[in-house]
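These notes are about the structure you will find just below.
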Amino acid sequence: MGDKFQLIHDVSPGTTGWTVKVVVAEKFSPKVAQRSPTKYQNLTLMDSEGSTVQATLYGQNITAFQDELLLGKTYLISNALVKETNAEYKAKSGEIQWTISGRTRIRRVEENNSNLLISTYSFTDFEDLPKYMDSNLDISVIGMIIDIKPRRIIQTRFGKECQVQDLVLVNKRFDTVLLTMWETFVDNECKYICQNLRKKLILIGKHLKVTSFNGLSISTKADSSFFIDGEFELVEEFKSWGHTNSEIIDNMISEKHYLTSTPSKLSVPTAEKDFTEIKNIQGLKTAKQFFWIKGKASVKVLNQTYWYMSCNNCNKISSENYGDIYPCVFCKCTDAKAIPRAKVYMQLTDPTGYINATAIGNPAEYFLQSNAEILMNQTLIPTAASMRLSMDEDEIFYVKAITKELSTDCKFEILFIVNPSQIAGDKNTGKAPVEHIGEPIKFLEPTTKRSLFHSDTDDAQSSKKKRDKSTIEITKKNQ
DNA sequence: CCCCCCCC
């Protein structure tokens with residue numbers, strides 16, 4: 001970046017005749033203002049010294065400039081409106097805010113300052129993700145996209161329908177993680193990814209969170225932002241990695257080899273103080289929360305159904321017969337398959353009390369020491385000979401407390417069960433990474449490439465028209 | 001913010 005221009009710090013309210021060369025370091029999704037219908041979009045601009053300023057676009061300028069200010073690209077900017085940021089709206093990048101409007105002069109500079117962009121990120125290693133599980137803390141990740149699942153519609157606990165779509169990312173050690181994209185990220189980023197998956201896209205995301213859903217996965221937040229690049233030019237390291245390992249990656253993509261090779265690890269607490277005593281959550285009325293409990297599980301109601309027929313795409317209940325292909329009313333998948341899923345209603349006890357809790361899927365199968373298909377075919381009321389009905393030793397449970405919209409009391413759901421003997425113990429962190437008994441990344445039925453993306457083919461047709469209007473940021477090859 | 005049951 002050159003010297004003959006001003007830096008961000010040189011520009012104050014009232015400064016005239018300035019030009020600053022900046023990289024678009026962040027570009028957030030447009031939002032609607034809290035107390036008015038005004039739309040706004042925030043960007044973070046960075047100069048050659050790494051200083052940043054928040055720039056904001058309003059109303060019609062958002063769409064007008066969406067192809068002018070691309071994430072990671074370099075621009076000469078002059079005549080933005082420079083003012084002190086209203087404390088109420090202050091973003092973290094600084095006290096000064098630039099407003100970009102029709103009078104702002106913006107000139108694209110063909111420079112690759114992606115290293116500067118990358119320097120603004122602090123990537124979390126995949127193996128450190130468990131430390132952030134359900135914490136809602138911001139994390140950033142970088143990885144190659146090796147798979148994208150069909151879009152799903154889900155119902156939140158407040159009855160709202162949302163669209164989500166899962167990606168599989170692989171890092172340089174060939175570890176994989178699921179990234180769930182929500183709502184607008186499905187319309188924008190996922191649509192682009194579906195159309196370009198052959199290019200081995202690198203994804204860089206920030207302001208993401210780690211959840212315990214599906215074992216352990218990354219999820220978007222409202223202010224997440226992505227940089228998706230199909231040519232590896234972003235990160236030199238990844239470029240050479242991608243080329244060196246293209247055969248392995250091709251194999252992961254085509255054979256879905258990753259599905260069984262990289263189980264998630266959990267950070268299981270080892271200190272007594274990290275476990276919640278059951279007496280402290282009995283009758284709890286809080287919103288959703290997560291707890292570690294050390295205790296024993298047992299089935300108190302023998303005469304229950306230990307499985308349900310589910311959609312293989314979204315796990316929601318199905319009225320179809322095993323193996324049937326059907327349109328799922330919940331996730332809207334047109335070719336969902338009905339498969340049994342284990343569930344068990346049990347009692348969790350520790351020395352301080354007990355709660356009733358449900359386990360579904362893998363934790364249920366682990367506890368019962370059975371599997372969904374066997375449970376489905378079982379006709380008699382089970383006995384200790386046919387399945388495990390109680391635990392001899394304490395095990396460790398990761399429990400989610402759920403309050404439904406119209407219900408006052410909490411339900412508890414067991415997400416993971418860990419046998420203490422699995423824990424190696426890590427005295428430095430007080431957390432032990434173990435392979436958990438949670439949900440693995442699901443194995444997709446063998447399918448053609450085409451049908452994998454079937455739910456997006458309609459979109460693909462209209463997308464050409466829309467491409468110029470797209471709000472996603474894409475780095476194209478050496479334009 | 002997403003899996004069963006329940007709730008009407």
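A, B, ... follow the sequence lines: proteins, then strands. Residue 1 opens every chain. Everything numeric in this text was worked out from a predicted model, so none of it was measured. The figures that follow rest on heavy atoms only: side chains count, while hydrogens, waters and symmetry mates do not.
Ring planes of Tyr398(A) and Phe416(A): parallel class, angle under 30° (limits at 30 and 60°).
Contact annotation for Gln304(A): no contact, since no heavy-atom pair falls under 4.0 Å across all strands. Counting any heavy atom pair closer than 4.0 Å across all strands shown, Trp307(A) reaches no nucleic acid atom. Among the heavy atoms of the strands lying under 4.0 Å from Thr358(A) is at least one base atom, whether or not backbone atoms are also near. Within the 4.0 angstrom heavy-atom criterion, only backbone atoms of the sugar-phosphate kind lie near Lys209(A); the bases stay farther away. When heavy atoms are screened at a 4.0 angstrom cut-off, Thr180(A) is found touching base atoms of the nucleic acid. Among the heavy atoms of the strands, none lies under 4.0 Å from Tyr345(A).
Phosphate proximity of dC4(B) to Lys316(A): present, with a side-chain N or O under 4.0 Å from OP1 or OP2.
By the ring-ring contact (aromatic ring centres under 6.0 Å, His included) test, Tyr326(A) pairs with no residue at all, sequence neighbours left out. Not counting sequence neighbours, Tyr308(A) has no partner by the ring-ring contact (aromatic ring centres under 6.0 Å, His included) test.
Protein atom NZ of Lys343(A) is 10 Å distant from nucleotide atom C1' of dC6(B), rounded to whole Å. As a whole-Å value, the separation of Ile402(A) CD1 from dC7(B) P is 17 Å. One can place CD of Gln155(A) at 9 Å from P of dC4(B), the figure rounded to the nearest angstrom. Computed from coordinates, the Lys160(A) NZ to dC1(B) P distance equals 13 Å when rounded to whole Å. Rounded to whole Å, atom P of dC2(B) lies 8 Å from atom CZ of Phe158(A). Note: CE (Met346(A)) to C1' (dC4(B)) measures 12 Å, nearest angstrom. Following rounding to the nearest Å, Gln163(A) (CD) and dC1(B) (P) show an atom-to-atom distance of 17 Å. Distance Phe412(A) CZ to dC6(B) P: 20 Å, rounded to the nearest Å.
With hydrogens and angles ignored, the 3.5 Å screen pairs no side-chain donor or acceptor of Lys206(A) with any backbone N or O of Phe227(A).
Nearest heavy atom pair, residue Glu365(A) against residue Ala342(A), reads CG-CB, 3.5 Å.
A donor-acceptor contact under 3.5 Å links the side chain of Arg152(A) to the base of dC2(B).
Taking for each of Thr211(A) and Tyr308(A) the nucleotide of DNA chain B with the nearest heavy atom, the 5'-most of the two is the partner of Thr211(A).
Both stacking criteria are satisfied for Trp182(A) over the base of dC1(B): a centre-to-centre distance under 5.5 angstrom and an angle between ring planes under 30 degrees.
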